[in-house]
Amino acid sequence: MTLTVPRRVTAAAALAALALGGLTGTTASASPTGGTAVAAPDIPLANVRQHLTDLQAIATANGGNRAHGRTGYKASIDFVKAKLDAAGYTTALQTFTSGGATGYNLIADWPGGDPNQVIMAGSHLDSVTAGPGINDNGSGSAAILETALAVSRAGYQPTKHLRFAWWGAEELGLIGSKHYVNNLPAAERTKVKGYLNFDMIGSPNPGYFVYDDDPTIEQTFKDYYAGLGVPTEIETEGDGRSDHAPFKNVGIPVGGLFSGADYVKTAAQAQKWGGTSGQSFDRCYHASCDTTANINDTALDRNADAVAYAIWNLSGATTPPTGTVFENTADVSVPDNGVAVTSSVTVTGIAGNAPSALKVGVDIVHTWRGDLIVDLIAPDGSVYNLANRTGGSADNIQETFTVNASTEVANGVWKLRAQDKASSDTGYINGFKLTFP
Ligand code: DTR
Ligand code: CA
Ligand code: ZN
Ligand code: ZN
């Protein structure tokens, strides 16, 4: 879809953010920071999918599962931890014992933000012994992992402190998250202003359920889906059934998303969401068929983007970015070692010349980014090189460049041009965005 109209905050989101809804009789506050809702980055589905592929490979290499006490679980934890360490997080492994086996929680703190106002996002990383647990709960784990990596890519510095967590032994009875909360001193618990839980968010016959716990967190998710025009329902089967329960039990505001497990989708739900009525949301729940084939990409993409939206809006800076955005989110395939391709936006309504600090948002999903030459082309044909075969074997170019475009007339067709100059690695332009002050 090509967005050329200036992006402005949706009315609903702005009202919700300003509502500063009271919390359910708790001492903590998950309220947004008083500003209007801010735009979060798109979470590339391809990246989330890649994490699921990697978790599937781990299960396959470790007896077919990633269950507590099995080698596949520790391999999963090590996989996630390595990515976060490389992205600049402060990580810690918390151990516990359950059923005679050692369990692991991974806690990852993003440096900065008010340490007395912590926003947490968590997912259990363990599967059942019957299968690889890709929807339950690779989906939640991969979505918060990619959101954490997006925070790092953006160099995001929120007002509040961000903490991400991957829990062990949820399937045995929320063991890991209970261990974390039980060992969190009371003074630390009061600093946690919100805990967001994501357990099964890519179900193959998906529903769109929002936890009905803290009203501010609930409204944040509802606003995101309202912006998509996707109806949601209150999550009614969840109380006590996932890792938000220990947090709720000590008075921490909680919320989350769920795409359904073994309950059956009704005809009314199929009418509004699509999919198959009379069939469970996830027919492979706790089964060996919970593999990478057991995921609905639309649900996974929407929910991963909702994770980012909630993280940005519950922890964001009080002064939202100003400006008018022109964006093109249509995918454009980049031919391997081939001709250059472009994504364009048509800028209108901006008087005079472009600014000396024009923000150019580039989102190119491509293995071995060093293959790429990337340019910004102004309406008069002037070329501004953004990347010239830099970054070597690292994947993707997903960052915002600042370009002195003050000699260019602002209105007109601007292009992002990408060319792959070496064979075998491939990718596509996932998005191109210009932000005018
Ligand atoms: N207990 C979760 C699956 C689950 C079932 N109902 C809900 C409601 C909300 C979140 C998760 C769930 C599991 O099997 O991991
Ligand atoms: Ca996305
Ligand atoms: Zn489960
Ligand atoms: Zn689960």
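Predicted model only: the values in this text are computed from it and were never measured. Indexing begins at 1, ligand by ligand and atom by atom, following the structure's order. Note: hydrogens, waters and symmetry copies are ignored here, and every other heavy atom, side chains too, is used.
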Side-chain touch [X]/[Y], heavy atoms, less than 4.5 angstrom:
X	Y	value
Tyr263	Gln269	no
Asn328	Phe326	no
Asn182	His179	no
Ile295	Ser139	yes

- [ ] Measure the spacing between CG of Asn303 and OG of Ser259 and express it to the nearest 0.5 Å.
- [x] 6.0 Å
Open item on the list: How long is the straight-line distance from CD1 of Ile144 back to CZ of Phe198, given to the nearest 0.5 Å?
Closed with: 7.5 Å
Open item on the list: Determine whether His366 and Asp425 satisfy the following criterion, side-chain hydrogen bond (donor to acceptor under 3.5 Å, both in side chains), listing intermediate values before the conclusion.
Closed with: CA-CA 7 Å; His366 195 292; Asp425 287 276; 5.9 Å; no
Task: Protein N/O/S atoms closer than 2.8 Å to the Zn ion (ligand 4) - done: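 Those protein N, O or S atoms (cut-off: under 2.8 Å from the Zn ion (ligand 4)) are His124 NE2, Asp136 OD1, Asp199 OD1, Asp199 OD2.
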Pull out every atom of ligand 1 sitting under 4.0 Å from any heavy atom of [X], numbered as shown with elements.
X	result
Glu235	8 (C)
Glu170	1 (N), 2 (C), 13 (C), 15 (O)
Tyr211	9 (C), 10 (C)
His124	15 (O)
Ser242	10 (C), 11 (C)
Met200	3 (C)

Open item on the list: Could you check whether Phe281 and Phe209 have their ring centres less than 6.0 Å apart?
Closed with: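 Centroid distance Phe209-Phe281: below 6.0 Å, so yes.
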Has [X] got any heavy atom lying under 4.0 angstrom from an atom of ligand 1?
X	value
Tyr263	no
Phe209	no
Asn137	no

Open item on the list: With a sphere of 6.0 Å drawn around CZ of Arg153, does it hold more than 12 non-hydrogen atoms of other residues, nucleotides or ligands?
Closed with: yes
TODO: Could you tell me whether a side-chain N or O of Asn430 sits under 3.5 Å from a main-chain N or O of Val365, the two making a donor and an acceptor?
DONE: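 Not confirmed, Asn430 side chain does not pair with Val365 backbone.
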Task: Verdict with reasoning, Tyr89 to Lys83, per side-chain contact (heavy atoms from CB on, under 4.5 Å) - done: CA-CA 9 Å; Tyr89 279 81; Lys83 287 193 176 290; over 6 Å; no
- [ ] Classify the contact between Asp136 and ligand 1 as side chain, backbone, both or neither, using a heavy-atom distance cut-off of under 4.0 Å.
- [x]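 Under 4.0 Å from ligand 1, Asp136 contributes side-chain atoms alone.
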